[in-house]
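Lettering of chains follows the sequences in order, A, B, ..., and the numbering in each one begins at 1.
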Number of protein chains: 2
Amino acid sequence: MAKGARTRAAILKAAVETASLGGFAGLNLQPLADRVGMTKSGLYAHFGSKEALQLATLEHATELFEATVVAPAKTEAAGLPRLAVIYERWLAWPANAGLPGQCPFFAAVAEFDDADGPVRERLARLFRDFQGVIEQLAASAVRHGHLPPDTDVAQFAHEVLAMRYAHHWSAGFMRDPAALGRARRGFLRLAGRLGNQRP
Amino acid sequence: MAKGARTRAAILKAAVETASLGGFAGLNLQPLADRVGMTKSGLYAHFGSKEALQLATLEHATELFEATVVAPAKTEAAGLPRLAVIYERWLAWPANAGLPGQCPFFAAVAEFDDADGPVRERLARLFRDFQGVIEQLAASAVRHGHLPPDTDVAQFAHEVLAMRYAHHWSAGFMRDPAALGRARRGFLRLAGRLGNQRP
DNA sequence: GCTACTTTAGCACGGTCGTTCGTGATTTTA
DNA sequence: TAAAATCACGAACGACCGTGCTAAAGTAGC
């Protein structure tokens, strides 16, 4: 591995960690350069623009996410079991990926919902793709008889994401110790594993 | 009404609108002063610090929220009907309050989840209080027999907020036209008005 | 060990940020 | 109408931002 690629990897590692802690807004060049132990301009030369750095950071975070959340579930039984594992791993993936803070994707969403541009587009596509993955898993669960045949898989996926988003808000901003339990309970209710009762 | 109070009100009106459009991060003094038609320093003199401006903006937004979402539901029948009206008004309250963008509270949450301070505290308290309101409404709905007696009202309130948060994300960032329908459907399922079936 | 190339440091730029201060204009009060 | 209190402006500050440029340091191939 060439020297340049090595420092680039170190930069991206620090960038994802920083984004996990302070969002993409905290992804400024000077503090990031300090973290890696080099100068602002030296770091800048690797990307050419701040936008390119953000995109590369997003890409690196995606690889981490795939490896931490999606890949380990491949061996799980298709249908609801696999979906449940992905959901559970999704809840705790920042810690499992060695990140010091919260999910960098959620942090990024909040900061780019108005500012149009390549970063926003990439981010939206990532979320759309993952929502599609959950829809397919739900459809598979229906085929396996884990969910009722009249399940609206799009609505189901939406509500699974809602539970995850609420967990991010509840654990992150609200700092509610009950957040994890609420997130699990919500999913179980969605999956019909609470005797089909209301919360 | 004195002159100072009038311009202060004008500033806060513009501030909430700006926060609705670009979040609290877009609440910079220069653009805000331009919007109101005065100088940065002239505007600044009304608050003394940016933090005080943010707190005042939060306060003003809270008054708007109370008047737009909570107050009109007072006349509704207690229990689930009142809760349903509040939820429905909550979904569309930025437009009903004359705001050009999205819910300023959700926008603020994302930007203050790491930065500790008075603004963060105030915001968290606002959310906690409103979650408490929803819990009480749910408890009332239980007493009226609108919800089953074994309902976990805290979990119920959490999931109602989850549906609202997901709507913010789905309509705002994802720009999904189906967002409103999803949010309504999710609430109906929570309230048990979909024949108790899963989505 | 010398050369060709890549990688990093150093410095400066234009711009925006929140904040301060003194002064003039404008209201409000007497 | 005169005096007093309030309000808004304009200029400037130090700090940080992203972005270029040039020169030095470091690395790799022969």
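Atom CZ of B:R8 is separated from atom P of D:dT6 by 15 Å (rounded to the nearest Å). Regarding B:I11, its CD1 atom lies at a distance of 11 Å from the P atom of D:dC7, rounded to whole Å. Rounded to a whole Å, the OH atom of B:Y44 is 16 Å from the C1' atom of D:dG10. Rounded to a whole Å, the CZ atom of A:F47 is 13 Å from the P atom of D:dG18. Separating the CD atom of B:Q30 from the P atom of D:dG10 is a distance of 11 Å, rounded to the nearest angstrom. Between the CG atom of A:L29 and the C1' atom of D:dT19 there is a distance of 9 Å, given to the nearest Å.
The ring pair (Phe, Tyr, Trp, His ring centres under 6.0 Å) with B:W90 is formed by just one residue from the set B:F105, B:Y165, B:F130; it is B:F130.
Ion pair A:E17/A:R35 flagged as a salt bridge, since at least one NZ, NE, NH1 or NH2 atom sits closer than 4.0 Å to an Asp/Glu carboxylate oxygen. Salt bridge annotation for A:R185-B:E159: absent, with no cationic side-chain nitrogen under 4.0 angstrom from a carboxylate oxygen. A salt bridge does not link B:D34 with B:K40: none of the charged nitrogens is closer than 4.0 Å to a carboxylate oxygen. Using a 4.0 Å cut-off between a side-chain N of Lys or Arg and a carboxylate O of Asp or Glu, A:R122 and A:D116 do not qualify as a salt bridge.
Using five terminal pairs a side, the axes of the helix from C:dG1-D:dC30 to C:dT27-D:dA4 at its two ends make an angle of 20°, given in steps of 10 degrees.
Here B:A45 lies out of heavy-atom contact (under 4.0 Å) with every strand.
Sorted by residue number, the members of residues 31-43 of chain A with any non-hydrogen atom under 4.0 Å from DNA chain D read A:P31, A:K40, A:S41.
At the phosphate of D:dC7, neither OP1 nor OP2 sits under 4.0 Å from any side-chain N or O atom of B:K3.
Positionally, the nearest nucleotide of DNA chain C for B:E51 lies more toward the 5' end than for the other of B:E51 and B:A2.
For the pair A:R164 and A:F106, the cation-pi test (distance below 6.0 Å, angle within 45°) is failed. The cationic group of A:R120 lies under 6.0 Å from the six-membered ring centre of B:F173 and within 45° of the ring axis, placing it in a cation-pi geometry.
In plain terms, the two heavy atoms of B:A107 and B:A19 that are nearest each other are CB-O, 4.0 Å.
By the neighbour-count criterion of 12 heavy atoms within 6.0 Å, atom NZ of A:K13 is sparsely surrounded, having that number or fewer from other residues, nucleotides or ligands.
Proximity of a side-chain donor or acceptor of A:T68 to a complementary backbone N or O of A:W93 within less than 3.5 Å is not detected. No donor-acceptor pair under 3.5 Å is formed between the side chain of B:N28 and the backbone N or O of B:P31.
Note that the first and last nucleotides of DNA chain C, 5' to 3', having any atom under 4.0 angstrom from a heavy atom of chain B are C:dC17 to C:dT28.
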